[in-house]
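Written out below as structure tokens is the structure these notes cover.
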Amino acid sequence: MSKASTKPPSGTRDFLPADIARRRYVVSVIETVYQGSGFVPLETPSFENLSTLLGKYGDEGDQLVYRLLHRRDALKRALEKDDVSESDLADLGLRYDLTVPLARVVAQYRDLPRFFKRYQIQPVWRADRPGRGRFREFYQCDVDVIGVTTLIAEAEVLGAVAEVLTRLGFEDFTLRLNHRALLRGLIETAGVAPADEQTALVALDKLDKVGPDGVRAELRTRGISDDAAALLLELLVEKASAAKSDDELTEVLGAALRSDAGRAALDQLSELRALLDHTPAKGRYRLSPELARGLGYYTGPIFEISVADLAGSLGGGGRYDDLIGMFGKQQIPAVGCSLGLERILLVMEERGMYPPLRVGPELMLCSLDVEPAALLETANALRQQGLSVEVFPTRSKLGKQLAYADSVGAPFAAILGADEAAAGDVTLKQLASGEQARVALHEAAGWIAARAPDAAP
RNA sequence: GUGGGUGUAGCUCAGUGGUAGAGCAUCGGAUUGUGGUUCCGAGGGCCGUGGGUUCAACCCCCAUCACCCACCCCA
């Protein structure tokens, strides 16, 4: 093409007014709930030093960090080197998630509250191939509790996200719970070499997508013995699916485990489940011993939010007690959870879960044979009454003006003709019903308020 | 990154070796201050880009780019 493409880059979107209305609606629910739980807002830069970002997400994650090329002389010098490496070319990268920037902030500002509860709603970027519900630029909505070792932190975080989803109208989500130490214990019990632990985790994480046979094949290609693979799958699949309740599953796994740390993790999960019964997450959680999660920094309980009709998750999180220590001398415990805004929007869109959301002005001011000065004067008077008013800007037939009002979603139209202007009146019309009345200009807002279906978003 | 597919109007897509269509959208009209339906009409495309075959290419061939689907990974 001779002209540049007008499509946004793959994996990014333009948000048109109707999209913004839906996004703001969801974000406002999230913020209301988060703030109601005592979380305070934080924003961090779009890009960070690469040294901040790399080495936190695992090898796969590091590859997906967008690098910002050096500029001008620094770039020139780097390119002139004989053996140019990746680190010569860039020292900055777009943030990959909101957790690592938070950890940096906590290590930097030592006078934050001892128990810092923050929420953060900002875009993150991943150099990934886009797919259904997957983007290269997307928003995460994080809540984290810093400085708390007790499971109250987990319960608060999970309670908050459960409340968000409930208020948005989700009735079928599941908080899947697992524990990194339990996973390690199970893998150890199955006889997988400690060196293969990470690869085993990656394979296991695909269980719900490729099934037990798929995982078996995956484990084999990754060099894990068939015996160990069989034992692992027996523990995680057969026993897990045979168990009728989380309590029963806990008992079965506890009996099979040959790892004290694993059993301790299991106890922690039991304690957490008991706490969750006193939060909005009650009845919404389930033990999922196969849940692994890719990110490298988790150390304790981990969670993921599932709904039936989405292959990926609506969000996830976990405890990361060692991450902040990577930025400073002090080791500070932390736990958090992230909701994927576009995942939520995607499912809500497909299920038609949005309430009516108005995007246009409340009132379209149409005119006939009126001077522009009088038209603007009237618009200002209406706006002073608190109405959201758009002025139809050209001399056109009234029918065209009303059609336009309807097409932009304005629920009301005002007609200002020479008669009305002379009398200080305006004719108001409710487009949906056709009801129409001529009223004094200063009574316009009252007339509309009496008929407005609902407040603006 | 590997395999498969698709590039034609703003959008969704037909189409034939002889220099292009539909639906939707947009704009205009169907008599004077009243929209959503209907009818009529108009604008808008070097048919992704660069080469090749041919008297002739949107169509055949090669290359290139972009996008889509799967694998991989994640919110």
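This is a predicted model, so every value here is computed, not measured. Within every chain, numbering begins at 1; the chains are lettered A, B, ... in the order of the sequence lines, protein sequences first and strands thereafter.
Between A:Ile302 atom CD1 and B:rA75 atom P there is a gap of 11 Å when expressed in whole angstrom units. Between A:Leu165 atom CG and B:rA75 atom P there is a gap of 15 Å when expressed in whole angstrom units. Here the P atom of nucleotide B:rA75 and the OH atom of A:Tyr57 are 11 Å apart, to the nearest Å. If you take CZ of A:Arg134 and P of B:rC71, they are 10 Å apart, rounded to a whole angstrom. Nucleotide B:rA75 holds its P atom 13 Å from the CG atom of A:Asp144, rounded to whole Å. Taking atom CG of A:Leu16 as the reference point, atom C1' of B:rG10 lies 13 Å away to the nearest angstrom. If you take CH2 of A:Trp125 and C1' of B:rA75, they are 14 Å apart, rounded to a whole angstrom. B:rC74 atom P lies 18 Å from atom CD of A:Glu342, rounded to whole Å.
Separation of the P atoms belonging to B:rA14 and B:rU6 is 10 Å when rounded to the nearest angstrom. If you take atom C1' in B:rU64 and the same atom in B:rC27, they sit 39 Å apart, rounded to whole Å. Here, B:rU26 and B:rG36 have their P atoms 12 Å apart, quoted to the whole Å. Taking atom P on both B:rG3 and B:rA9, the two are 29 Å apart, rounded to the nearest angstrom. Between B:rU8 and B:rG48, the distance separating the two P atoms is 6 Å to the nearest Å. Using atom C1' as the reference point in both B:rU16 and B:rC60, the two lie 13 Å apart (nearest Å). With C1' as the reference atom, B:rG45 and B:rC40 are 24 Å apart, rounded to whole Å. Comparing the same atom, C1', in B:rC55 and in B:rG18 gives a spacing of 10 Å after rounding to whole Å.
Classification of A:Glu304 and A:Arg176 as a salt-bridged pair holds, one side-chain N sitting under 4.0 Å from a carboxylate O.
As judged by a 4.0 angstrom heavy-atom cut-off over every strand, A:Ser10 is placed among residues touching the sugar-phosphate backbone only.
Listed by first and then second residue, the salt bridge (charged side-chain N to carboxylate O under 4.0 Å, His left out) pairs that reach into residues 410-429 of chain A are A:Asp425-A:Arg438, sequence neighbours excluded. Note on residues 34-43 of chain A: pairs passing side chain to side chain donor-acceptor pair (under 3.5 Å), not counting sequence neighbours, are A:Gln35-A:Tyr119. Residue pairs meeting the side chain to side chain donor-acceptor pair (under 3.5 Å) criterion with at least one partner in residues 337-348 of chain A, sequence neighbours excluded, are A:Arg13-A:Glu342, A:Arg23-A:Glu342, A:Asp142-A:Ser338.
Nearest-nucleotide mapping onto RNA chain B: of A:Pro8 and A:Ser313, the residue sitting toward the 5' end is A:Pro8.
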Pull out every protein N or O sitting under 3.5 Å from an N or O of nucleotides 33-43 of chain B, one pair per line with the distance.
| unit_1 | atom_1 | unit_2 | atom_2 | d |
| --- | --- | --- | --- | --- |
| B:rG33 | O6 | A:Asp419 | OD2 | 3.2 |
| B:rG33 | O6 | A:Glu420 | OE1 | 3.3 |
| B:rG33 | N1 | A:Glu420 | OE1 | 3.2 |
| B:rG33 | N1 | A:Glu420 | OE2 | 3.1 |
| B:rG33 | N2 | A:Glu420 | OE2 | 3.0 |
| B:rU34 | O2 | A:Lys429 | NZ | 2.8 |
| B:rU34 | O2 | A:Gln436 | OE1 | 3.3 |
| B:rU34 | N3 | A:Gln436 | OE1 | 2.9 |
| B:rU34 | N3 | A:Gln436 | NE2 | 3.0 |
| B:rU34 | O4 | A:Gln436 | NE2 | 2.5 |
| B:rG35 | O6 | A:Leu431 | O | 2.9 |
| B:rG35 | N1 | A:Leu431 | O | 2.3 |
| B:rG35 | N2 | A:Asp406 | OD1 | 2.7 |
| B:rG35 | N2 | A:Leu431 | O | 3.4 |
| B:rG36 | N1 | A:Leu431 | O | 3.4 |

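A distance of 10.0 Å separates CZ in A:Arg395 from CD in A:Gln401, rounded to the nearest 0.5 Å. One distance of note links OH of A:Tyr404 with OG1 of A:Thr394; it measures 9.5 Å at 0.5 Å rounding. In this structure, the separation between CZ on A:Phe173 and OH on A:Tyr285 is 12.5 Å, given to the nearest 0.5 Å.
Helical stems of RNA chain B (runs of at least 3 Watson-Crick or G-U pairs, donor-acceptor distances under 3.5 Å) are listed by first residue: B:1-7 with B:65-71, B:10-13 with B:21-24, B:26-30 with B:38-42, B:48-52 with B:60-64.
Scanning all heavy atoms of the two residues, the minimum distance from A:Ala153 to A:Arg319 falls at CB-NH2, 4.0 Å. A:Thr299 and A:Asp321 get closest at one heavy-atom pair: OG1-N, 3.0 Å.
Listed by chain and residue number, A:Pro130, A:Arg136 satisfy the side chain to side chain contact (heavy atoms under 4.5 Å, CB included) test with A:Ser10 (two or more places apart in sequence, or in another chain).
Within 3.5 Å, no donor on the side chain of A:Arg136 pairs with an acceptor on the base of B:rC74, nor the reverse.
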